[in-house]
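Sequence lines set the chain letters: A, B, ... in the order given, protein chains first and strands last, and positions in each chain run from 1. Only a predicted model underlies this, so the values are computations on that prediction, with no experimental measurement involved.
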2 protein chains.
Amino acid sequence: MASGRHQGPDDDAGPVRPTSRDVARSAGVSQATVSLVLRDKWHGRVSTGTAEVVRTAARELGYRPNLAARSLRLGRTRTALLVVPALTNEFFARVHTGAARVAAEHDFGMVLYPSPEIAAPAPDPFGSARAALDGVIASSMAVEALATLRADGLPLVMLDSDPGGSEATVNLDIADGMRRVVEHLVGLGHRRLAHVTAAVDSWTFHARARALADALADTPAALVRTERAELTVTGGLEATTRVLSAAPDATALVCDDDMLAAGACKAVRRLGLRVPDDVSVTGFDDLSLATAVEPELTTVRLPAEEIGANGMRALLAVLEERAPDTGVLPVSLVARGSTAPPGPAWRHGGAR
Amino acid sequence: MASGRHQGPDDDAGPVRPTSRDVARSAGVSQATVSLVLRDKWHGRVSTGTAEVVRTAARELGYRPNLAARSLRLGRTRTALLVVPALTNEFFARVHTGAARVAAEHDFGMVLYPSPEIAAPAPDPFGSARAALDGVIASSMAVEALATLRADGLPLVMLDSDPGGSEATVNLDIADGMRRVVEHLVGLGHRRLAHVTAAVDSWTFHARARALADALADTPAALVRTERAELTVTGGLEATTRVLSAAPDATALVCDDDMLAAGACKAVRRLGLRVPDDVSVTGFDDLSLATAVEPELTTVRLPAEEIGANGMRALLAVLEERAPDTGVLPVSLVARGSTAPPGPAWRHGGAR
DNA sequence: CACCGGGGGTTTTACGTATAACGGTCTGTG
DNA sequence: CACAGACCGTTATACGTAAAACCCCCGGTG
């Protein structure tokens, strides 16, 4: 005997969950039959009548399969890990939303690791969760932390970055976005741009810097200054203050992110100048913040939910040994009030 | 014979995970001993030397316990469900951060359900995840969706709301926050306030409305208008436009959320007025948005991470049959540029 | 009439872990 | 010297599911 149950004198009022065996007993069949019927694998092996009896019994008992037992049996957990820097960044919250939606559609679970602790890689950054995963979706981040996951043989899908060795990557057309920003500003007449870049060691920000340089190469405009900023509004404010003191002749500020752009606008005004009349400002990501500030930000809209959704789809494909769809997602420019032609002072070539 | 493995000709290069039995073989002991040693339950039952041998073997093989098997054995999953409206709302992203941190500290997993689908309750809102949970933490939301969880006997901790019947609640001192807002505004000289409330059927917003009314009762000021707004910047803008056309004599707008407040500021300016010179505006939550807009928002700072953390702590307490700590978390007023004494036009009692 | 095939199930086993129950081998003691 | 405990383990079992292997009965066929 010696039941494995740990409870003393029936201390919990909670109703004991029915098992497939309970359903079997109630339906007058064997447990195996219940398993077959409830997973729709019974065609030609169980009569229609019996199947119906089983389904009814399951419904009446409120049966739900025990996922732990199923996972143990199958060796798969139907759970994916999503690794993103921080959900308080709206972009990643939206990535999560997209991934979660697709996961739910496929009856997949999702565990989330916001990664402050990953920046300082612990011996085992992902704790015990590692053992219960089928795959990983990660945005650009500390690669060595991912190595411990890879060592477990977990399939990995990278979002908007490519450290090499991942099963699939889902990318945003960052280069195109930056090109559109440059075209927009140059088209308005700007010739001296400054770049406020995020001081985050992340693939996407490197890509933005490279794309900005590349895009400018074909134009009459030039990059007169670059400053690194902490990825917050305040960081943008401080970096922009440095930019405008080092390069007061810049007429447009290209910011790597909307938060930085919001900070840039504040800095500009603090110096007694106006946006966009004296200095134009562009953002990136099209966060809700972009339309909360005034003037509203000209920015690049990134399909955040879609990259999350596509990442999850790609992971599911890999797990089912299908070819993942690793297309590059298009982005678009959203022109709003923070950009305008350079101010009159500049039209006459004068100094401010 | 007849292995349960589903693989044909060894189709996966993935290294097979070592089990506790592999560790046992390698260490020259039984599987039971491995289990005892690795969970630190061996004192007085296994010699120090053997324990060390086991630990070494486990480390060398890279052993990690199979969580599915453990869950099956124990009947517990060490996984909690967090139900929040949407992570794109920074407040809930922060709640999540706090809860996730505490969960990680206790080797607990966390699954997340952003709940658009909960608003329209599906037959089984939580999908198959239900079966693999030890408990639930939920913010104020559609109560009938939670009922299906409760039917499974899952412990429930409510955040900043109390539908009754939950094992614990962790609350914010909303009333105190609103009282401070009123004191602040009345202290500045405001007498006619308007309320921009969120059109979301949520405990916290009802609480804010009630608290505003209560706080005003003791003062010479009055509520001249209330408008409901969709919980977005645009929603705040529209509602505020309605407020100011219906009650042009309001000198201060109390908004239920920083996003609404940001929209309110835009609406005020669109009417050719200034914040705070002509109209003061207050927010709620102290999102990062509050310092991104200009003027920066006077708002109520809510300890978002802490309520998440305390919620998780309370759930863990309930699961361990300890008494949960269900204190009310204090909030604070952050006075910034969006509030000031009423403009000169009002000081002389004139109409604008 | 012996035999086959197949429809409609059942029996059995394995997944990896935790733990109750059991069992040897010493050492010291009455 | 027999025997009680410590001490240090081992053996056996159960958790709930999936699925391979088996089994029985019945109608048709050579």
Among all residues two or more places apart in sequence or in another chain, which pass the side chain to side chain donor-acceptor pair (under 3.5 Å) test with A:Ser166?
none
Just to verify, what does A:Arg45 make a salt bridge (Lys or Arg N to Asp or Glu O under 4.0 Å) with, not counting sequence neighbours?
none
Only counting residues at least two apart or in another chain, list the ones meeting salt bridge (Lys or Arg N to Asp or Glu O under 4.0 Å) with A:Glu167.
A:Arg150
Show me the protein contacts with nucleotides 7-11 of chain D, counting only N or O atoms at under 3.5 Å.
{"unit_1": "D:dG9", "atom_1": "OP1", "unit_2": "B:Thr50", "atom_2": "OG1", "d": "3.2"}
{"unit_1": "D:dG9", "atom_1": "OP2", "unit_2": "B:Ser47", "atom_2": "N", "d": "2.9"}
{"unit_1": "D:dG9", "atom_1": "OP2", "unit_2": "B:Ser47", "atom_2": "OG", "d": "2.5"}
{"unit_1": "D:dG9", "atom_1": "OP2", "unit_2": "B:Thr50", "atom_2": "OG1", "d": "2.6"}
{"unit_1": "D:dT10", "atom_1": "OP1", "unit_2": "B:Ser30", "atom_2": "N", "d": "3.3"}
{"unit_1": "D:dT10", "atom_1": "OP2", "unit_2": "B:Ser30", "atom_2": "N", "d": "2.9"}
{"unit_1": "D:dT10", "atom_1": "OP2", "unit_2": "B:Ser30", "atom_2": "OG", "d": "2.7"}
{"unit_1": "D:dT10", "atom_1": "OP2", "unit_2": "B:Thr33", "atom_2": "OG1", "d": "2.5"}

Mind calculating the distance between CG (A:Asn66) and C1' (C:dC15) to the nearest angstrom?
13 Å
Quickly work out the A:Arg73 CZ to D:dA14 C1' distance and round it to whole Å.
16 Å
Taking CG from A:Leu38 and P from D:dA19, how many angstroms apart are they, rounded to a whole number?
13 Å
To the nearest Å, give me how far apart CG (B:Leu72) and C1' (D:dT13) are.
13 Å
Below 4.0 angstrom from OP1 or OP2 of C:dG16, is there any side-chain N or O of B:Arg64?
no
Ignoring hydrogens and angles, state whether a donor on the side chain of B:Ser35 or B:Arg39 is under 3.5 Å from an acceptor on the partner side chain.
yes
With sequence neighbours left out, what residues match A:Arg322 under side chain to side chain donor-acceptor pair (under 3.5 Å)?
A:Glu320
Does a side-chain N or O from A:Arg39 land closer than 4.0 Å to OP1 or OP2 of D:dA19, or not?
yes
Results of side chain to side chain donor-acceptor pair (under 3.5 Å) for B:Asp134 - residues two or more places apart only:
B:Thr77
Does D:dA18 have its OP1 or OP2 closer than 4.0 Å to a side-chain nitrogen or oxygen of A:Arg70?
yes
